[in-house]
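The basis for the numbers below is simple: all heavy atoms, side chains too, and nothing from hydrogens, waters or symmetry mates. In this chain, residues are counted from 1 in sequence order. Bear in mind the structure is a predicted one, so any value in this text is a computation, not a measurement.
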Amino acid sequence: MKVLVIGGGGREHALVWKIAQSPLVTKIYCAPGNPGTAKLAVNIPIKVEEIDKLLGFAKSEGIDLAVVGPELPLSLGIVDLFREYGVKIFGPSRAAARIEASKAFSKDLMKKYSIPTAAYGVFTEITEAEAFIKQTGAPIVIKADGLAAGKGVVIAQTEKEAVSAVKDMLSGNAFGDAGSRVVVEEFLTGEEASFLAITDGRHIIPLASAQDHKAIFDNDQGPNTGGMGAYSPAPVVTSDIHQKAMEQVVQRAVDGMAAEGCPYQGILYAGLMIKDGEVKTLEFNARFGDPECQPLLMRMKSDLLPLLIAVADKNLAGHSIEWNDQAAVCVVMAAKGYPGDYPKGDIITGIEVASKLDGVTVFHAGTSEKDGQIITAGGRVLGVTGLGNGVVDAIKKAYTGVDKISWRGVQYRKDIGKKALQRI
Ligand code: AMP
Ligand code: GLY
């Protein structure tokens, strides 16, 4: 089979790495890919939002399955387009991807189908939002309705800050069109977990549990990022929490989407807040998490490809997923200044040495190649992932890899996996 993976981050390197292990594969392409995917696939210089060009490539190359990594092409309708032209593709339709692309849609779905979540309001007018903020009090959470590259969420500590965030968004200054509607919601406390499942719209298989580290600095300090590290399994997801997440969140969402006339096919990612044995849903994503994908796929024993095909064919019944008992920990190495502005073009050393370590895999994210050297080209640059006998060993492996790699101004968290340690 010829497979096309769409995207160029750490998640897509992990997808290519895993798909390359399938005996069903003959050739993998990745668009646009990165220097990491280039070792396992043929990189094609087409951007993820150029969905017509991607279709043209898939048709001319006779691609048997396209796999979409990021949310942007999903929200642009790449799945609908490929299906229209008879090219098999893994991911939700444009209508189904609204579960991530519109926070108002997502919250309304949760409300309608009794999926536990924070109390909220959806606003286009500042005066109404202001009244809701006054009534709820601070801290309070303001979210741009549309896609904002993980940056559209403001946790306001005061009512004044909340009102000013709403004004910024509604005026279009903060996130353009994505902020023309806002969700204002109750602030939740607890411990977060990433609960992912694969579904064909009817049948659901949960993936192993995982936990992300959203804040830039150790001990969850500083602004939120796309994710600074992740590990699997996440002991905060006990068997009781797992059951609640499946019954109250994932099953209701999948059934709800089908009832709404937009059945969901793909990876459904529920961001959960767990407190006192109960789960609440912070958000849904229409794709694998990045960096959660890296540790999850390192632990997946089953061949991923038949699962992706089964979802595209609406034929997931009878499939199952086997997991390695080991733990996996991914530490994201980022450029100086991220999640704000950051420099590009710094030469990275040590990737080869780190990659040769036992149990260590280095996934590329924001990297590029110049004159035979790997240089930084994004905010999140590498995801150094360790597989070990238990989380302590996996943490050790990941950081042994991290220690071998450097560039000017590199930053990373030193406490990835620490929350798991507190539970063992
Ligand atoms: P979201 O993209 O909606 O998941 O928001 C990004 C991050 O903001 C989450 O991972 C949480 O850390 C935080 N967050 C979002 N909504 C809430 C909430 N209602 N209460 C507390 N934290 C939140
Ligand atoms: N790591 C969080 C996300 O992929 O949205």
Looking at every non-hydrogen atom in both residues, tell me the closest pair between [X] and [Y] and how far apart they are.
X: I416; Y: C330; answer: CG2-O, 3.6 Å
X: V48; Y: P70; answer: CG1-CG, 4.0 Å
X: I274; Y: A193; answer: CD1-CB, 3.8 Å

* After noting the C-alpha distance and the side-chain angles of D218 and K418, does the key distance pass the salt bridge (charged side-chain N to carboxylate O under 4.0 Å, His left out) rule? -> CA-CA 10 Å; D218 285 14; K418 199 169 158 191; over 6 Å; no
Ignoring hydrogens and geometry beyond distance, is a side-chain donor-acceptor pair present between [X] and [Y] at under 3.5 Å?
X: K107; Y: T117; answer: yes
X: R181; Y: T124; answer: no
X: E61; Y: Y29; answer: yes
X: N34; Y: S368; answer: no
X: T225; Y: K214; answer: no
X: Y120; Y: D108; answer: yes

If you define the side chain from C-beta out and look only at heavy atoms, does anything of [X] sit under 4.5 Å from [Y]?
X: L305; Y: M1; result: yes
X: M298; Y: T361; result: yes
X: L382; Y: F363; result: no
X: K397; Y: T385; result: no

Could you check whether any side-chain N or O of [X] sits under 3.5 Å from a backbone N or O of [Y], counting only pairs where one atom can act as donor and the other as acceptor?
X: R252; Y: S114; result: yes
X: N324; Y: K301; result: no
X: S106; Y: S102; result: no

Just jot down the side-chain hydrogen bond (donor to acceptor under 3.5 Å, both in side chains) partners of [X], sequence neighbours excluded, or say none.
X: N315; result: none
X: Y342; result: none
X: K414; result: none
X: Q157; result: none

* Do the rings of F132 and F123 sit parallel, tilted or perpendicular, given the 30° and 60° boundaries? -> tilted
Qualifying side-chain hydrogen bond (donor to acceptor under 3.5 Å, both in side chains) pairs with a residue from [range], counting only residues at least two apart or across chains:
range: residues 191-201; value: E191-Q211, E191-R423, S194-Y269, S194-E292
range: residues 74-86; value: R83-Q265
range: residues 3-25; value: S22-D303

Please list all pairs meeting salt bridge (Lys or Arg N to Asp or Glu O under 4.0 Å) that have one or both residues in [range], counting only residues at least two apart or in different chains.
range: residues 232-245; value: D240-K244, K244-E278
range: residues 260-273; value: K112-E260
range: residues 22-49; value: K39-E352

* Just grab all the ring pair (Phe, Tyr, Trp, His ring centres under 6.0 Å) pairs involving residues 273-322, residues at least two apart or on different chains. => none
* **ring pair (Phe, Tyr, Trp, His ring centres under 6.0 Å) contacts touching residues 236-260 (sequence neighbours left out)** => F195-H242
* Residue of the set R94, R287, K143 for which salt bridge (Lys or Arg N to Asp or Glu O under 4.0 Å) holds with E100 -> R287
* Asked: Is the CG atom of D177 crowded by more than 12 outside heavy atoms at less than 6.0 Å?
  -> no
* Asked: Salt-bridged, R413 to D220, with N to O below 4.0 Å?
  -> yes
* Asked: Cation over ring, R98 on F105, under 6.0 Å and within 45°?
  -> yes
* Yes or no on side chain to side chain donor-acceptor pair (under 3.5 Å) for T26 and K2, after CA distance, side-chain angles and deciding distance? -> CA-CA 6 Å; T26 52; K2 287 185 179 179; over 6 Å; no
* Apply the test side chain to side chain donor-acceptor pair (under 3.5 Å) to residues D145 and S180: give CA-CA distance (whole Å), side-chain angles for both, the deciding distance (0.1 Å), then the verdict. => CA-CA 7 Å; D145 176 51; S180 60; over 6 Å; no
